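Notes follow once the structure below has been shown.
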Amino acid sequence: MSEVTVKYFAWLRERVGVPEEQITLPHADMTIADLIAHLSERGENYAYAFADQTIVRAAIDQMHADHADRIEDAREIALFPPMTGG
Amino acid sequence: MSEVTVKYFAWLRERVGVPEEQITLPHADMTIADLIAHLSERGENYAYAFADQTIVRAAIDQMHADHADRIEDAREIALFPPMTGG
Amino acid sequence: MLAKTQDDTAVRISVQTEDFDIGIETDRIRSVASDIGGIASFVGVCRSEDGTLSALELEHYPGMAEGQIATILNQTFERWDLKAATVIHRYGIIPVGENIVLIITASTHRKAAFEAADFLMDYLKTKAPFWKKERFVDGSTGAWVAAAARDDEAAARWDIGP
Amino acid sequence: MLAKTQDDTAVRISVQTEDFDIGIETDRIRSVASDIGGIASFVGVCRSEDGTLSALELEHYPGMAEGQIATILNQTFERWDLKAATVIHRYGIIPVGENIVLIITASTHRKAAFEAADFLMDYLKTKAPFWKKERFVDGSTGAWVAAAARDDEAAARWDIGP
């Protein structure tokens, strides 16, 4: 079982309550969607943060990723709302 | 018969040989096209300047005008090639 | 004169021989208009044309140049919700690498600022009475620059009659 | 890394808390690239939203922010014949009226500079990991700014997949 750093930004960070944490992946071959489902079971703050998964964006090792993308041996996953820079 | 100031710019100025001059209009109710025809008869330099009338642009009292526009009581006519500013 | 602008200082037009400073002009735009969300700008620079050109000689029609720029700015303010705009056009001898023209447009929204700046440049090229003549590095004087058909086409995009 | 640019100094990326100076940055662009014909730029400014807002709090993803800007610049250089480009994006507390973002693009031709700057802004808005939170003049903290559907639509114009 591998470990990844999961980072949260903007209101996802505020709802989860931490900017980042180490997460032990429960099984190999997980997708971003699997990770979000796994995190949602960790407590009320997570359930609240991920209540609407359709607006959660993700990055794998700092590259934009889809929910269907596999985490594989990535070291850093980020979850965040749609970006509002510029 | 009225008088107008006629100004020339760029290669039209160079070909005519003067930047501006007073022209007495031979009759009332002239258009820009009539003025160009009249000027073309003033000498070789004018004939050369107006050899290709399709690329001559005009302004009446500093507003863009067509060859068919009437000069009426305008005080200043300008004749010049297509503009290349910016 | 300007349709949607009460404050005259929101519009600055200058036809001049001396160079301009985009930093100073941007600060001025920012100081005269409130609730700005975006400032678009364009600086036209004298190109070297692969090293053959030494300078451009810019001739203009005094009076009409300023008047036409005002007319074009008027149309721009009618079409886009601008807070402020600046147009500076130089004339005289402009060495390669030096500035020729500056456009700055400020709006609440980015797209308006961008489109208005693009529109202003298209119309300056086809409607403002300026003419460029080439000076080459070998000391000779070149031809008057021919108007590019693509400039007329670019201006025609905006659906305003001649 | 950049497709059509040998010289690294032709591209400048900075994600920073401090303000920038468009005059200094334009001079830098001019000094690193030759045969420039046009320099387009855009400054994004913190809007007052009719006087209700006092500042925006900008959060970013360090590392990925710079990486995404580099990726977007790479696509921009592949698509347009640019001589140089600069992207500066601020983070932290940005009071109303202050600068948020600066884009500068330099090209031989005007249209390339304009389009590239427009493209860069569209993609920064939808692909660069920055998030804005409102701070109101009454001292309260507002909501996180929602992404505008029109930003996605603007980015979609350019026909690049997600």
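Lettering of chains follows the sequences in order, A, B, ..., and the numbering in each one begins at 1. Since the structure is predicted, the reported quantities are computational estimates derived from the model, not experimental observations.
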Report summary line: Closest heavy-atom pair, A/Ala59 versus D/Tyr61, reported as atoms and distance to 0.1 Å, is CB-CE1, 4.5 Å

Report task. Look at the aromatic rings of D/Trp131 and A/Phe9 and report parallel, tilted or perpendicular, splitting at 30° and 60°. Result -> parallel

Requested in this report: Check whether any side-chain N or O of D/His89 sits under 3.5 Å from a backbone N or O of A/Gly85 as a donor-acceptor pair, and report yes or no.
Outcome: no

Report summary line: Rounding to 0.5 Å, atoms CE (D/Met64) and NE2 (A/His64) come to a distance of 3.5 Å

Query raised in the report: For D/Asp50, does the CG atom sit with more than 12 other heavy atoms under 6.0 Å from it, leaving out its own atoms?
Result: no

Report task. Check whether more than 12 heavy atoms from other residues, nucleotides or ligands sit under 6.0 Å from atom CD of A/Gln22, and answer yes or no. Result -> yes

Query raised in the report: D/Tyr91, D/Trp144, D/Phe130: which one forms the most heavy-atom pairs within less than 4.5 Å of chain A?
Result: D/Trp144

Query raised in the report: For atom OH of A/Tyr48, is the number of surrounding heavy atoms from other residues, nucleotides or ligands below 6.0 Å larger than 12?
Result: no

Query - Main-chain N/O of A/Gly86 paired with D/Lys132 side-chain donor or acceptor, under 3.5 Å - result: yes

Query raised in the report: By a 4.5 Å heavy-atom criterion (distance strictly below it), what part of A/Pro19 contacts chain D: side chain, backbone, both, or neither?
Result: neither

**Report entry** Side chain / backbone / both / neither for D/Ala143 at chain A, heavy atoms under 4.5 Å
**Finding:** neither

Requested in this report: Let me see the working for A/Met83 and D/Gln68 under side-chain contact (heavy atoms from CB on, under 4.5 Å), right down to the final yes or no.
Outcome: CA-CA 12 Å; A/Met83 292 148 282; D/Gln68 282 295 309; over 6 Å; no

Query raised in the report: Is atom CZ of A/Arg75 surrounded by more than 12 heavy atoms (other residues, nucleotides or ligands) closer than 6.0 Å?
Result: no

Query raised in the report: For A/Thr84 and D/Val145, which heavy atoms make the closest approach, and how far apart are they?
Result: CG2-O, 3.3 Å

Query raised in the report: Are any of the side-chain heavy atoms of A/Trp11 and D/Lys133 separated by less than 4.5 Å?
Result: no

Query - Spacing of CD belonging to A/Gln62 relative to CD belonging to D/Glu66, to within rounding of 0.5 Å - result: 8.5 Å

Query raised in the report: For A/Arg57, is it the side chain, the backbone, both or neither that has a heavy atom under 4.5 Å from a heavy atom of chain D?
Result: neither

